[in-house]
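Values reported hereafter were calculated over all heavy atoms of this structure, with side chains retained and with hydrogens, waters and symmetry mates removed. Atoms within each ligand, like the ligands themselves, are counted from 1 in listed order.
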Amino acid sequence: MITFWTGRRPTIWICDAWAASELLDKRAAIYASRPRMVVFSELGAGQSNMVNMYYGDRWRLHRKLTHMGVGLQQVRNYRGFQNDESKVVALDLLHEPEEYVKHFERYATSVVSIIGFGRRVAASTDPIITEVIAVMQRAAELNVPGKTFPMLMESFPFLARFPNWMAPWKHGLGQGQGRGRPFFYALAEEAATNKNSGQCYAKKLFDEAPKHSLSKMEISSLAGNLFGAGSDTSSSTLVTFVLACCAFPNALTKAREELDRIVGPHRSPTFQDEADLPYVKALMKEVLRWRSVAIIGGQPHAPIKDDHYKVLKQTTIAAPEAGNVWAIHHHEREFPDPDRFNPDRWIKGGPDSRPFPSEKGYMTFGWGRRVCSGQGLAEQGTFITVARLLWGFEIEKALDEQGNEVDVDIFDFTNGLNMRPNPFKCRITPRSPEIRATIDKEGQQALQDLSEYDGETKYRMSTYYATEKLR
Ligand code: HEM
């Protein structure tokens, strides 16, 4: 555990799986709150967004409402369209393999858009991707302790009180208390009043709102979190998977053998195959560990009362705790040779497996009562897409003009709260003519089945604030 001071504010960084599990999981009742966050919370979405909320009844309510949208029971019902959207990714990769990042972003955004708003995102040029995700990525970029100048406001909160026109260090933050919020309210209201669309989370939210006196800002945050928390994270994980395939081709062999044996070329893998694909599952877990997207476990936790921890018997822990997921997932004791992508570590009882304090074996989705609300959705989506891409495609390093392989850099990642590989070229080609035909056939069918979610929103984030005022 390391204490890191930003001016006069300490943060305790937990870099060890056992300590993280002891404090954040086993003593979850204590470490369930969030610290004061000037940049991300007060200048952003504030206390009406559960991601930032202090522990208490309102947070509990938001958590319950979020579970109505993406709780474990709910997400099983989404498998049909999630699987279809993943088939569309495979189809898109046949035609535009070099645009793989865009296809993953479209897929992840479309899945949460169907859940939240009953409308799919059919093209990667949809403004929901080009505008909203860009704002979310920018927020994640700014929210790294000590990294950029805006973070100085964490140590000197008075700097946040200056009006934006005379405070370039605010980078425009704090206008209208979080640019995204009223916009997502408008999107949710549009979806909830659309008579042509079926049940969606926005409708449920509007049903629940009067019972709990939900404000517009709260509705906006609950609906917007699906995009904010669920699209960049899920798509970045898939980009990481592609990088791992290019860098460690030998690690794919056993998964491919398993897929060829269980599935064959005339259909792609389904959720029903999951139990018969333990090695593919192991490979997916290794993707989640090797380069976990939420590198410092998302937002820090904060204790709601003083606590003592064994090594520091005399020390009171009253500072926010950040789970250093990178350090935890790169500890030689749990994950020997940690930068090597090695799915064998996940084979229980095998020579490469090591004890870990939690059943899952990774801490990619955080801890205790604040654990990621979308974990079930993210895990099932990552599984089905990783399985399908391994089954369907050779994913290899790009070739230069002389036909030599171009190396990839496994450390070349973005530098924000969420990370993904910086752009790199690769070759993605169907593994056989039969598989190509299957991908094509299944992809076309999926597009037909998904057409019930076709639709347009009249709102654009870029023009919304010029034309609409929060009523
Ligand atoms: C690979 C994909 C994802 C990863 C790696 C991820 C990771 C995380 C992490 C590390 C946290 C912080 C947990 C903590 O404080 O202990 C978190 C929180 C959260 N996530 Fe995710 N997430 C993913 C996808 C999703 C999806 C798909 C959704 C919803 C559709 C979602 C919704 C949320 C929400 C609402 C919170 C805040 C929970 C709270 O503060 O109580 N996430 N996520």
Side-chain angles (χ1 to χ4, degrees), residues 14 20-21 23-25 28 31-35 37 40-41 45 47-56 58-72 74-75 78 82 104 107-117 136 140 143 201 218 221-241 284-285 287-302 320-326 328-329 358 360 362-383 385-386 417-420:
I14 307 179
S21 166
L23 294 173
L24 304 179
D25 281 332
Y31 293 91
S33 197
R34 297 280 190 227
M37 295 182 284
F40 198 80
S41 176
Q47 282 298 307
S48 55
N49 191 323
M50 75 183 263
V51 177
N52 308 323
M53 271 183 190
Y54 303 127
Y55 186 63
R58 211 60 188 166
W59 167 79
R60 240 179 254 114
L61 170 68
H62 276 237
R63 192 85 195 175
K64 198 176 103 196
L65 292 169
T66 301
H67 279 214
M68 288 171 66
V70 291
L72 278 182
Q74 294 300 325
V75 299
Y78 304 150
Q82 198 172 20
F104 295 158
Y107 153 81
T109 314
S110 193
V111 169
V112 287
S113 180
I114 296 175
I115 295 169
F117 307 91
M136 299 304 176
N143 191 30
Y201 183 52
E218 288 181 298
S221 297
L222 283 160
N225 276 352
L226 296 186
F227 289 124
S231 52
D232 181 43
T233 45
S234 306
S235 53
S236 296
T237 302
L238 294 173
V239 181
T240 289
F241 160 69
M284 178 206 82
K285 288 183 167 189
V287 173
L288 292 174
R289 177 211 66 94
W290 180 63
R291 296 292 186 254
S292 316
V293 51
I295 178 167
I296 51 172
Q299 305 291 11
H301 289 223
E321 265 73 42
N324 186 349
V325 173
W326 174 272
I328 290 170
H329 285 171
S358 74
K360 289 252 178 199
Y362 50 76
M363 294 180 164
T364 315
F365 294 92
W367 302 267
R369 297 189 184 175
R370 298 307 284 237
V371 75
C372 173
S373 312
Q375 179 169 1
L377 183 72
E379 283 177 337
Q380 73 182 29
T382 308
F383 169 76
T385 307
V386 161
L417 192 73
N418 291 335
M419 68 168 193
R420 65 161 63 181

**Asked** Roughly how far apart are Ser234 OG and Phe104 CZ, rounded to 0.5 Å?
**Response** 12.0 Å
**Request:** Decide whether an N or O pair under 3.5 Å exists between Thr233 and ligand 1.
**Result:** no
**Identity and separation of the nearest protein heavy atom to atom 42 (N) of ligand 1** = Cys372 SG, 3.0 Å
**Message:** Angle between ring planes, His301 versus Trp367, binned at 30° and 60°: parallel, tilted or perpendicular?
**Reply:** perpendicular
**atom 33 (C) of ligand 1 - nearest protein heavy atom and its distance** = Ala229 CB, 3.5 Å
**Asked** Considering only heavy atoms of Thr364, which atoms of ligand 1 have at least one such atom less than 4.0 Å away?
**Response** 5 (C), 7 (C), 10 (C)
**Asked** With Arg420, which of Asp232, Thr233, Thr237 fulfils side chain to side chain donor-acceptor pair (under 3.5 Å)?
**Response** Asp232
**Message:** Can you confirm, on distance only, whether ligand 1 has an N/O atom lying under 3.5 Å from any N/O atom belonging to Arg370?
**Reply:** yes
**Request:** Pull out every atom of ligand 1 sitting under 4.0 Å from any heavy atom of His301, numbered as shown with elements.
**Result:** 14 (C), 15 (O), 16 (O)
**Request:** Without swapping roles, check the side chain of Ser292 against the backbone of Arg289 for a donor-acceptor pair under 3.5 Å.
**Result:** yes
**Request:** Check each atom of ligand 1 against the heavy atoms of Ala378 and keep those under 4.0 Å away; list them by number with element.
**Result:** 1 (C), 2 (C), 24 (C)
**Item:** Ligand-side contact atoms (ligand 1) for residue partner Val293, heavy atom cut-off under 4.0 Å
**Value:** 5 (C)
**Proximal atoms of ligand 1 relative to Ala294 (non-hydrogen, under 4.0 Å)** = 10 (C)
**Asked** With a cut-off of under 6.0 Å to the ring centre and 45° to the axis, is Arg60 in cation-pi contact with Tyr55?
**Response** yes
**Request:** Provide the number and element of each atom of ligand 1 under 4.0 Å from a heavy atom of Val51.
**Result:** 37 (C), 40 (O)
**Request:** Return the residue, atom name and 0.1 Å-rounded distance of the protein heavy atom closest to atom 4 (C) of ligand 1.
**Result:** Phe365 CE2, 3.4 Å
**Asked** Of the protein's non-hydrogen atoms, which lies at the shortest distance from atom 12 (C) of ligand 1, and what is that distance?
**Response** Gly297 O, 3.4 Å
**Complete:** For atom 30 (C) of ligand 1, the closest protein heavy atom turns out to be Leu226 CD2, 3.6 Å
**Request:** Among all protein heavy atoms, pick the one closest to atom 35 (C) of ligand 1 and tell me residue, atom and distance.
**Result:** Ser373 OG, 3.6 Å
**Point-to-point distance, once rounded to the nearest 0.5 Å, from NE2 of His62 to CG of Leu222** = 5.0 Å
**Leu24 CG to Ile14 CD1 distance, which is reported to the nearest 0.5 Å** = 4.0 Å
**Message:** Rounded at 0.5 Å granularity, tell me how far CG in Leu288 sits from OG1 in Thr382.
**Reply:** 5.5 Å
**Request:** Among all protein heavy atoms, pick the one closest to atom 28 (C) of ligand 1 and tell me residue, atom and distance.
**Result:** Gly374 CA, 3.5 Å
**Message:** With a 4.0 Å cut-off on heavy atoms, is Arg34 in contact with ligand 1?
**Reply:** yes
**Side-chain donor/acceptor of Gln47 to backbone N/O of Tyr54, under 3.5 Å** = yes
**Fill in**
In this structure, CD1 of Ile328 is separated from CD1 of Ile296 (nearest 0.5 Å) by 11.5 Å
**Prompt:** For ligand 1, is there an N or O atom under 3.5 Å from any N or O atom of Arg369?
**Reply:** no
**Prompt:** What atoms of ligand 1 come within less than 4.0 Å of a heavy atom belonging to Gln299?
**Reply:** 15 (O)
**Item:** Element-labelled atoms of ligand 1 that are located less than 4.0 Å from some non-hydrogen atom of Arg63
**Value:** 38 (C), 39 (C), 41 (O)
**Prompt:** Can you check whether His329 reaches Trp290 side chain to side chain, under 4.5 Å on heavy atoms?
**Reply:** no
**Prompt:** Got a second to check how far Ser33's OG is from Arg370's CZ, nearest 0.5 Å?
**Reply:** 6.5 Å
**Protein contact to atom 27 (C) of ligand 1 [nearest heavy atom, distance to 0.1 Å]** = Gly230 CA, 3.4 Å
**Prompt:** Is any N or O atom of Thr237, backbone or side chain, closer than 3.5 Å to an N or O atom of ligand 1?
**Reply:** no
**Message:** Within the structure provided, determine whether Val386 and Leu238 are in side-chain contact (heavy-atom separation under 4.5 Å).
**Reply:** yes
